[in-house]
Amino acid sequence: MGIKLAIIIQRERRRMKRTSTVIKRIRRRRRRRDMCKSHKPMPEIPFDLVIEILTKLSAKPLMRFKSVSKLWSSLICSRYFSNRLLKLSSTPRLLMFMGFSDNSHLKVKDVLVSLSPSPDSDITSTTSSFVIDQDLTLPAMKGYYISHVFSGLMCFANKLSVQIYNTTTRQFVVLPQIEDSNIIAEDHKLTKIMYYTGHDPVYNQYKLVCTVARPSDDVEECTYLSEHWVFLLGGEGSSRWKKISCNSPPHLPLSEGLSINGRMYYLAWVRLLHCVLVIFDINSEETSMLEVPNDIYWRDTGLIEYGGKIALLHYTDLENEGVIELWVLEDAENNMWRSKILVVHPSQLAMVDGISLRVQGTTRNGEVILVPEANLFNIFLYDLQKNHIRKIEINGGPNSHLTKISEVVGLADVENLMYI
């Protein structure tokens, strides 16, 4: 009897234990279910909102975010997104090309750097400083010169070889060479090839324009032969150069191009010493010409933007007399120019006295960039509205005795995410 009772008690204990285990499992499941109910997953962020968030960021983090997913990479590289992000850079930077030599005066290397205003610089002062903040040198640029800088895109050229570099995305593209050119095929020793980059605001496209020219065989007339070619940047359409017809007289380009509101401007000769202003419409790809004022000598004249208009800055007498003549194109249809004489204040004339200068574009504030031909580590910014010159000292570079050549080649004031 006692044995049977012990067995019954033992069975009951095992049953109760199993029941307790089952109850604990049920309770745990209920707790997990309740926790899930009280911690619902966050709803997915709408992709339109993701795009809005990304457009608020600068280019540097966006380049890192391309690795998040294929979708993000496609978005950031898309034309739609790059158009929305195209904006003025928070800190405009000057681009400078330098060539170095060692103590034996042998050329060692070429370097491309960017410069930004020093944090402690006072732009209202007559003297401030820029510091070298970034090395943009690429191995592929060796043997090339910088032909044009526009909207964050740099054009490297070496005769027929052309390369495009996006200073924001660091994308580097080698373009095909021009084929079927009659002038290039002649291999004339005086053939000149110039490249310009421009933007078509109608179709929102970037184009590279090439003008090939040489003196004609008519020695008495002193005229020229020229061809014009266009390459569409951005991966759309044909990846070949397209030859375009020119309804203007053949001409020889003399100056770097300046892009304003969908048009490219540059100075050229239609005959020897007969200077004209060439206007190339980026959208229609048509060329026109205007006569420049008679007093203009092209070698001492810089193309600049003045109040949204094309202007000629004639600075022959700046270094000795402190006088600049500004010609603004008021009416292109009637070839009407407005002249203005600027006289530098005597207190500022000492800064540029005897210094040979050249014009290298304008800043977003309308200041003209004046680059000395000799002093490698100083430039000048000339505010035409205030008639005020300030000197910019360049710091953070190598010792001057190692520098063989130094040249300001442009201004990087735009963040451009366009995928070439």
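- Counting only distance, with no hydrogens or angles, the side chain of Asn387 and the backbone of Val343 share a donor-acceptor pair below 3.5 Å.
- No donor-acceptor pair closer than 3.5 Å links the side chain of Ser73 to the backbone N or O of Ser69.
- Within a 6.0 Å radius of CE in Met336, no more than 12 heavy atoms belonging to other residues, nucleotides or ligands are found.
- A 4.5 Å side-chain heavy-atom check between Lys242 and Trp229 finds every atom pair outside the cut-off.
- Side-chain contact of Ser259 with Tyr196: a donor-acceptor pair under 3.5 Å is absent, judged by distance alone.
- Sorted by first and then second residue, the salt bridge (Lys or Arg N to Asp or Glu O under 4.0 Å) pairs with a member in residues 189-212 read Lys207-Glu285; sequence neighbours excluded.
- Tested against His251 for a ring pair (Phe, Tyr, Trp, His ring centres under 6.0 Å), the candidates Phe280, Tyr266, Tyr224 yield a single pass: Tyr266.
- Closest approach of Tyr382 and Val344 over heavy atoms only: OH-CG2, 4.1 Å.
- Within the model, atoms OH of Tyr195 and CD1 of Ile193 stand 5.0 Å from one another, a figure rounded to the nearest 0.5 Å.
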Between Tyr203 and Asn283, does a side-chain contact (heavy atoms from CB on, under 4.5 Å) hold up when you go through it step by step?
CA-CA 8 Å; Tyr203 294 103; Asn283 172 250; 3.3 Å; yes

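- A distance-only check finds a donor-acceptor pair linking the side chain of Ser216 to the backbone of Thr223 [under 3.5 Å].
- Checking side-chain atoms of Asn158 against main-chain N and O of Gly143 turns up a donor-acceptor pair under 3.5 Å.
- Side-chain contact between Leu54 and Phe65 is present, with at least one heavy-atom pair separated by less than 4.5 Å.
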What do the steps show when you test Ser116 against Phe130 for side-chain contact (heavy atoms from CB on, under 4.5 Å), and what is the final call?
CA-CA 5 Å; Ser116 59; Phe130 273 50; 5.5 Å; no

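- Aromatic ring orientation, Tyr206 versus His199: tilted (interplanar angle from 30° to 60°).
- Within the structure, every pair that satisfies the salt bridge (Lys or Arg N to Asp or Glu O under 4.0 Å) test and touches residues 243-267, not counting sequence neighbours, is listed here: Glu227-Lys243, Arg263-Asp281.
- Residues satisfying the side chain to side chain contact (heavy atoms under 4.5 Å, CB included) criterion with Thr363, sequence neighbours excluded, are Asn365, Glu367, Ile369, Leu381, Leu411.
- Residues Val230 and Trp241 have side chains not in contact (no heavy-atom distance under 4.5 Å, counting atoms from C-beta outward).
- In summary, the side chains of Ser128 and Arg390 do present a donor paired with an acceptor at a separation below 3.5 Å, with no hydrogens or angles considered.
- Counting only distance, with no hydrogens or angles, the side chain of Ser147 and the backbone of Phe156 share no donor-acceptor pair below 3.5 Å.
- Residues Asp133 and Ser114 have side chains that bring a donor and an acceptor to within less than 3.5 angstrom of each other.
- Sorted by first then second residue, the salt bridge (Lys or Arg N to Asp or Glu O under 4.0 Å) pairs that include residues 168-183, not counting sequence neighbours, are Glu179-Arg240.
- Evaluation of the side-chain hydrogen bond (donor to acceptor under 3.5 Å, both in side chains) rule for Ser339 yields Glu325 as partners, not counting sequence neighbours.
- Within the 4.5 Å cutoff, no side-chain heavy atoms of Ile379 are placed close to those of Leu370.
- Listed by chain and residue number, Ile304, Glu305, Val368 satisfy the side chain to side chain contact (heavy atoms under 4.5 Å, CB included) test with Thr362 (two or more places apart in sequence, or in another chain).
- Counting only heavy atoms from C-beta outward, the side chains of Val276 and Glu291 approach each other to under 4.5 Å.
- Residues satisfying the side chain to side chain contact (heavy atoms under 4.5 Å, CB included) criterion with Pro250, sequence neighbours excluded, are Ser226.
- The nearest pair of heavy atoms linking Gly302 to Val359 is CA-CB, 4.0 Å.
- Side-chain atoms of Thr167 come within 3.5 Å of backbone N or O of Gly152 as a donor-acceptor pair.
- With sequence neighbours excluded, the residues satisfying side-chain hydrogen bond (donor to acceptor under 3.5 Å, both in side chains) with Asn335 are Trp337.
- Under the rule for a side-chain hydrogen bond (donor to acceptor under 3.5 Å, both in side chains), Glu393 has no partner lying at least two apart in sequence or in another chain.
- Taking the ring pair (Phe, Tyr, Trp, His ring centres under 6.0 Å) definition, one finds that Tyr315 meets it with nothing, sequence neighbours left out.
- Closest approach of His148 and Thr197 over heavy atoms only: ND1-N, 2.8 Å.
- Between Gln205 and Leu233 the shortest side-chain heavy-atom distance does not fall below 4.5 Å.
- Within 6.0 Å of atom CG in Asn261, 12 or fewer heavy atoms from other residues, nucleotides or ligands are found, so the atom counts as exposed in its surroundings.
- With Tyr165 as reference, Leu136 is the one residue of Val173, Val149, Leu136, Leu153 to meet the side-chain contact (heavy atoms from CB on, under 4.5 Å) rule.
- At least one side-chain heavy atom of Met154 sits under 4.5 Å from a side-chain heavy atom of Leu112.
- Between Leu303 and Leu277, some side-chain heavy-atom pair lies under the 4.5 Å cut-off.
- The shortest heavy-atom contact between Thr211 and Pro253 is CG2-CG, 3.5 Å.
- Listed by chain and residue number, Lys309, Arg338 satisfy the salt bridge (Lys or Arg N to Asp or Glu O under 4.0 Å) test with Glu330 (two or more places apart in sequence, or in another chain).
- Not counting sequence neighbours, Trp327 has no partner by the ring pair (Phe, Tyr, Trp, His ring centres under 6.0 Å) test.
- No side-chain donor-acceptor contact under 3.5 Å links Thr191 to the backbone of Ile184.
- At least one donor-acceptor pair under 3.5 Å links the side chain of Asp218 to the backbone N or O of Glu221.
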Kindly indicate, with the supporting measurements, whether the criterion side-chain contact (heavy atoms from CB on, under 4.5 Å) is fulfilled by Gln163 and Phe172.
CA-CA 7 Å; Gln163 303 171 141; Phe172 191 85; 3.1 Å; yes

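- Nearest heavy-atom pair, Tyr306 versus Lys340, reported as atom, atom and distance to 0.1 Å: OH-NZ, 3.7 Å.
- For the pair Gln385 and Asp383, the tightest heavy-atom approach, listed with the atom from each and the gap, is N-OD1, 3.0 Å.
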